[in-house]
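One structure is given below, encoded as structure tokens.
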Amino acid sequence: MAQQDNKVTQADTYKINITGYGTLDVLPGTTFLDLLSYDRINRRTPVVAAYVNNVLMGLQAVIASDCNIEFVDLESQYGADGMRIYTRSMVMLLVKAASEVLPGCQVKMEHTLGNGVYGEIDYHRFVRLADIQAIEKRMREIVQEDKPIEVRQVDKEQAKELLTESKQTEKLDLLRYHKHDKIWIHTCCWFHDISYGNMVPSTGYLKLFRLRYYMPGFILELPEPESPRVLPAYVEHGKLANIYYESVKWSNVLKVRNLIDLNKTLEENNGSNLIRVAEAFHEKRISQIADSIIKNIDLIRIVLIAGPSSSGKTSFAQRLGVQLRVNGINPVPISLDDYFVDREQTPRDKNGEFDFECLEAIASDLFNEHLISLIQGEEIELPKYDFVAGKRSNSGRMLKLGPQDLLVVEGIHGLNDQLTTSIPKGRKFKIYVSALTQLNLDSHNWIPTTYMRMLRRIVRDHNFRGSSATETIRRWPSIKHGEEKHIFPFQESADVMFNSALIYELAVLKGFAMPILNTVSQEDREYAMAQRLRRFLSYFIQVPCDDVPLNSIVREFIGNSCFFPAE
């Protein structure tokens with residue numbers, strides 16, 4: 001530090017502005033953790049990171065320039081960012097504790113499940129309930145000890161040494177796809193791990209969790225972003241778990257179990273074959289769903305399709321329609337959008353904005369009346385909604401079902417029985433569609449399903465809807481809130497689930513998404529997410545879209561779909 005007459009001068013300090021506090025000068029070498037004493041905001045959950053000029057940084061980082069700082073806890077408007085850091089740190093704690101309780105074991109974190117993360121442990125014998133209880137006990141001991149979690153940048157050779165020392169040799173291959181000479185490593189005592197993002201400064205932050213035995217593995221239960229100070233009651237997600245098991249089975253058949261396997265397959269010029277087989281899996285599954293409907297066609301009069309944003313519902317519905325026609329059934333689509341109530345009757349959310357996603361925004365009485373009439377063989381006049389005027393009117397289009405016709409309704413509330421209260425459960429068939437990524441970066445880092453869907457939407461909205469990546473990322477929290485309120489609570493009520501994710505998909509999306517993400521300015525808060533997605537995609541080998549078939553669900557987002565010729 002430069003000095004003059006043994007006194008610190010104004011030129012020796014950095015000027016920073018802390019949201020909620022004000023401006024102050026700090027000495028070089030000051031960390032963001034040191035600044036927490038200046039934070040005047042009364043926080044009920046711990047601060048775990050900081051936005052620094054719109055870049056999300058760990059509290060361990062040293063201030064290196066003048067900057068604007070906004071602290072991130074688990075409960076602020078950036079609580080989702082905080083929960084990602086909390087979860088990533090919890091996994092490191094779990095792997096460290098498991099390695100100490102079961103020496104030589106290998107922990108594999110598989111995927112999210114409800115409010116937790118499902119994983120398995122490879123050991124020389126079957127893992128039992130007592131083992132999981134012992135690991136949880138050791139985790140709580142390490143939390144009580146409040147061990148520091150340090151972060152540093154090392155060269156690739158030193159990273160290999162540290163990972164080998166921690167018995168994580170399966171991660172060494174991934175370093176080949178790292179584009180930089182330096183690697184960020186997090187260290188807690190003897191344990192070292194590659195850093196794909198920030199972590200909390202010490203294990204003392206990680207008090208709230210539960211480890212549940214879930215044969216043949218475990219579930220690491222965590223708080224939800226909406227209520228980060230409590231652990232929610234455990235809810236079984238058996239159907240969702242089965243879809244993940246099915247995805248793992250497909251991955252094993254394709255011999256692509258993680259990102260390293262995918263990149264090796266693409267390097268060996270087997271991308272075309274991988275695409276063909278992955279698409280064949282989709283076609284087979286859609287055919288099986290159609291067969292289930294046909295088997296009970298004497299009872300089923302309506303098919304309801306729901307799923308979160310960018311899950312590929314529209315393409316799925318089109319492909320299901322093809323399979324139904326093969327079996328002599330004619331699908332007749334009805335759009336829920338035409339059953340919106342008039343604008344002045346639309347409920348408003350807590351911010352006073354129109355809430356178009358709530359069930360009350362749909363004229364469900366009229367919708368049910370029309371469904372009953374159609375199922376009983378009567379003719380109806382379909383409504384038409386004018387989104388500019390905010391009014392519903394008669395369209396002049398008449399509809400009457402023939403003996404081989406089947407109603408198909410795609411919409412956000414499709415799994416909620418309150419939408420179709422007049423239709424007995426046995427006469428409707430509910431399908432949940434989502435993109436459940438089966439790939440992991442490595443044994444401890446899964447790919448969030450949110451990343452897949454967000455990248456799909458960023459590409460589609462940029463290419464076909466005139467929305468920038470910044471706008472799409474900005475809207476995502478609102479989209480996610482609607483899904484958590486109106487879709488996810490009903491997913492287990494579906495008769496069948498369909499996983500629309502394709503194992504090769506991210507390698508194709510990379511070529512479309514990277515240029516779009518590069519347009520996000522660092523002056524925007526959305527820059528942090530764009531940076532995270534770019535860093536994530538950088539590990540994938542890019543493949544062209546030439547071999548992606550025109551009826552693929554991926555085409556709904558990248559273009560040239562045979563179902564959407566205008567795009």
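At a threshold of 4.5 Å between non-hydrogen side-chain atoms, the residues Ile275 and Glu279 count as touching. Side-chain atoms of Lys239 and Gln491, non-hydrogen and from C-beta on, never get closer than 4.5 Å to each other. Two residues are said to be in side-chain contact when any heavy atoms from C-beta on lie closer than 4.5 Å; Val117 and Trp446 meet this criterion.
For the residue pair Arg555 and Ser315, no side-chain donor N or O sits within less than 3.5 Å of a side-chain acceptor on the partner. Asp495 and Tyr432 share no side-chain donor-acceptor pair at under 3.5 Å. Counting only N and O atoms by type, the side chains of Asn270 and Asn273 include no donor and acceptor under 3.5 Å apart. For the residue pair His444/Lys108, the side-chain donor-acceptor check at 3.5 Å is not satisfied. There is no side-chain donor-acceptor pair under 3.5 Å between Asp146 and Thr203. Gln106 and Gln168 are not linked by any side-chain donor-acceptor pair at a separation below 3.5 angstrom, with hydrogens and angles left out of the test. Tyr214 and Glu236 share a donor-acceptor pair across their side chains, judged by distance under 3.5 Å alone.
For the pair Arg212 and Phe218, the cation-pi test (distance below 6.0 Å, angle within 45°) is failed. With a 6.0 Å cutoff to the six-membered ring centre and a 45° limit on the axis angle, Arg140 counts as a cation-pi contact of Phe209. Cation-pi geometry between Arg285 and Phe498 is not met at under 6.0 angstrom from the ring centre and within 45 degrees of the axis.
With rounding to the nearest 0.5 angstrom, the CD1 atom of Ile305 is 9.0 Å from the OG1 atom of Thr314.
Ring pair Tyr86/Tyr205: centre-to-centre distance not below 6.0 Å. Aromatic ring centroids of His192 and His186 lie 6.0 Å or more apart. For Tyr196 and Tyr539, the ring centers are positioned less than 6.0 Å apart.
The aromatic rings of His111 and Tyr244 sit parallel, their planes meeting at an angle under 30°, below the 60° perpendicular limit.
Open room surrounds CD on Gln144; 12 or fewer heavy atoms of other groups in view lie less than 6.0 Å from it.
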Test side chain to side chain donor-acceptor pair (under 3.5 Å) applied to Lys428 and Thr420, step by step: CA-CA 9 Å; Lys428 52 191 174 186; Thr420 51; 2.7 Å; yes

Full working for side-chain contact (heavy atoms from CB on, under 4.5 Å) between Leu533 and Met454: CA-CA 9 Å; Leu533 291 172; Met454 189 182 296; 3.8 Å; yes

